[in-house]
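Inspection log for the structure reproduced underneath, given as structure tokens.
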Amino acid sequence: MPYEEETMAYQKIMVVDDEMRIRKIVRDFLVRDGYDVVEAQDGEEALDLFYQDHEIGLIILDVMLPKLSGFDVAREIRETSKVPIVILTAKSDEQDELQGFDIGVDEYISKPFSPKTLVARVQAILRRSGVEEQAKLLEAGGIRLDFVAHTVTVDGREIMLSAKEFELLAYFMENRGIALSREKILNSVWDYDYFGDARTIDTHVKKLRAKIGEKGSYIRTIWGMGYKFEVSE
């Protein structure tokens, strides 16, 4: 059962898939865990629902959709919203996965998938999204991270981060000066056991560095191990 804060702040999830069977499976597992679910069967309907319903706190989005692809839907939503997006796809092409992360999606899950695992990832994203976090700020080297407003500023200028990039930066700043292995970062930020190569975390670090500009040098690569966040005073 999701934490009480989650069900209050993020009680509604939109599931977008043109296969009714998939929508029903995902909906049933989410409802069982206490979430409200709305459904869309194509890209245009998904955008219409999203703009009409301001209580949607997370989107589960198939890639291969009629009218507008999942990538097109995610790209348009990212222009105005940081709402967490989980991409579902039958494709296993690495380029598709990188394209999803490029747009700013938070998770990328290939079909067939375990509904229980999907729900666990949804819970992890919502738990770490920032609204239910205690009121606090993190500041280092001109970077200011606000958990309540869910904003990041660099030398006073606000930058747009995806939910996962926000979590990753927060984890680095909370562990300032500590060498972190890729496995530790994946298990702490992604909140599930990861079996495979490290391109997921490396891709997110690359994008995060680019977005925070010259401050990206604070995220040092520890060759053969992982990363360390260090600020040069």
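Given the structure is predicted, the values throughout are model-derived calculations rather than measurements.
- Evaluated for a side chain to side chain contact (heavy atoms under 4.5 Å, CB included) with Val16, the options Ile59, Leu88, Val63 yield exactly one hit, Ile59.
- Ile56 CD1 to Tyr51 OH: the interatomic distance, rounded to the nearest 0.5 Å, is 11.5 Å.
- The two residues Ala140 and Val231 come nearest to each other via the heavy atoms CB-CG2, 3.9 Å.
- Here the closest heavy-atom approach between residue Glu165 and residue Ser162 is recorded as OE1-N, 2.9 Å.
- Between the CG atom of Leu47 and the CD atom of Glu76 there is a distance of 4.5 Å, given to the nearest 0.5 Å.
- Panel note: side chain Glu45, backbone Gln41; a donor-acceptor pair is recorded below 3.5 Å.
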Verify side chain to side chain contact (heavy atoms under 4.5 Å, CB included) between Lys211 and Leu169, making sure each step is shown before the conclusion.
-> CA-CA 11 Å; Lys211 288 186 177 183; Leu169 179 59; over 6 Å; no

Stepwise side chain to side chain contact (heavy atoms under 4.5 Å, CB included) test for Arg27 and Tyr35 = CA-CA 9 Å; Arg27 182 191 67 221; Tyr35 296 103; over 6 Å; no

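- To the nearest 0.5 Å, atom CD1 of residue Ile143 and atom CG of residue Leu138 are 10.5 Å apart.
- Looking at Leu168, Ile178, Asn175, Ile219 one by one, the single match for side chain to side chain contact (heavy atoms under 4.5 Å, CB included) with Tyr227 turns out to be Ile219.
- Between Glu19 and Lys111, the closest side-chain pair of non-hydrogen atoms falls below 4.5 Å.
- Other members of the cluster containing Ile222 are Met225, with ILVMFWY side chains joined at under 4.5 Å, either directly or via other members.
- The two residues Ile25 and Pro115 have their closest heavy-atom pair at CG2-CG, 3.6 Å.
- Closest of all the heavy-atom pairs between Phe172 and Phe229 is O-CB, 3.5 Å.
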List the steps, then state whether side chain to side chain contact (heavy atoms under 4.5 Å, CB included) holds for Tyr218 with Ile212.
-> CA-CA 10 Å; Tyr218 295 165; Ile212 63 178; 5.8 Å; no

List the steps and the verdict of side chain to side chain contact (heavy atoms under 4.5 Å, CB included) for Val26 and Phe113.
-> CA-CA 10 Å; Val26 174; Phe113 58 87; 3.8 Å; yes

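- Considering only heavy atoms from C-beta on, Val189 stays 4.5 Å or farther from Ile201 through its side chain.
- With Glu39 as reference, Arg23 is the one residue of Lys12, Arg23, Lys24 to meet the salt bridge (Lys or Arg N to Asp or Glu O under 4.0 Å) rule.
- Of the inter-residue distances, the one linking Ile60 atom CD1 with Arg121 atom CZ reads 11.5 Å to the nearest 0.5 angstrom.
- Note: Asp62 CG to Ile109 CD1 = 12.0 Å, rounded to the nearest 0.5 Å.
- In this structure, Asp18 has no side chain to side chain donor-acceptor pair (under 3.5 Å) partners at least two apart in sequence or on a different chain.
- With a 4.5 Å cut-off on side-chain heavy atoms, Leu61 and Val105 do not count as touching.
- A donor-acceptor pair under 3.5 Å is absent between the side-chain atoms of Asp53 and the main chain of Leu49, judged by distance alone.
- Taken from CZ in Arg182 to CG in Asp202, the straight-line distance is 4.5 Å, to the nearest 0.5 Å.
- In this structure, Ile125 is not a member of the same hydrophobic cluster as Met160, with clusters built from ILVMFWY side-chain heavy atoms closer than 4.5 Å.
- Under the 3.5 Å distance criterion, the side-chain polar atoms of Asp106 are matched with a main-chain donor or acceptor of Lys164.
- Among pairs with a residue in residues 64-74, those fulfilling salt bridge (charged side-chain N to carboxylate O under 4.0 Å, His left out) read Asp42-Lys67, Asp72-Arg75, at least two apart in sequence or across chains.
- With a 4.5 Å cut-off on side-chain heavy atoms, Val73 and Phe50 do not count as touching.
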Show me, pair by pair, the donor-acceptor contacts under 3.5 angstrom made by side chains of residues 79-86, not counting sequence neighbours?
from, atom 1, to, atom 2, distance (Å)
Ser81, OG, Val83, N, 3.0
Lys82, NZ, His150, O, 3.1

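- Every side chain to side chain donor-acceptor pair (under 3.5 Å) that Thr117 has, sequence neighbours left out, goes to Ser114.
- Minimum interatomic distance between Lys215 and Val154 (heavy atoms only, all atoms of both residues): CG-CG1, 3.6 Å.
- Between Ser217 and Glu214, the shortest heavy-atom contact is OG-O, 3.0 Å.
- In terms of the side-chain contact (heavy atoms from CB on, under 4.5 Å) criterion, residue partners of Thr153 (sequence neighbours excluded) are, by chain and number, Arg144, Glu158.
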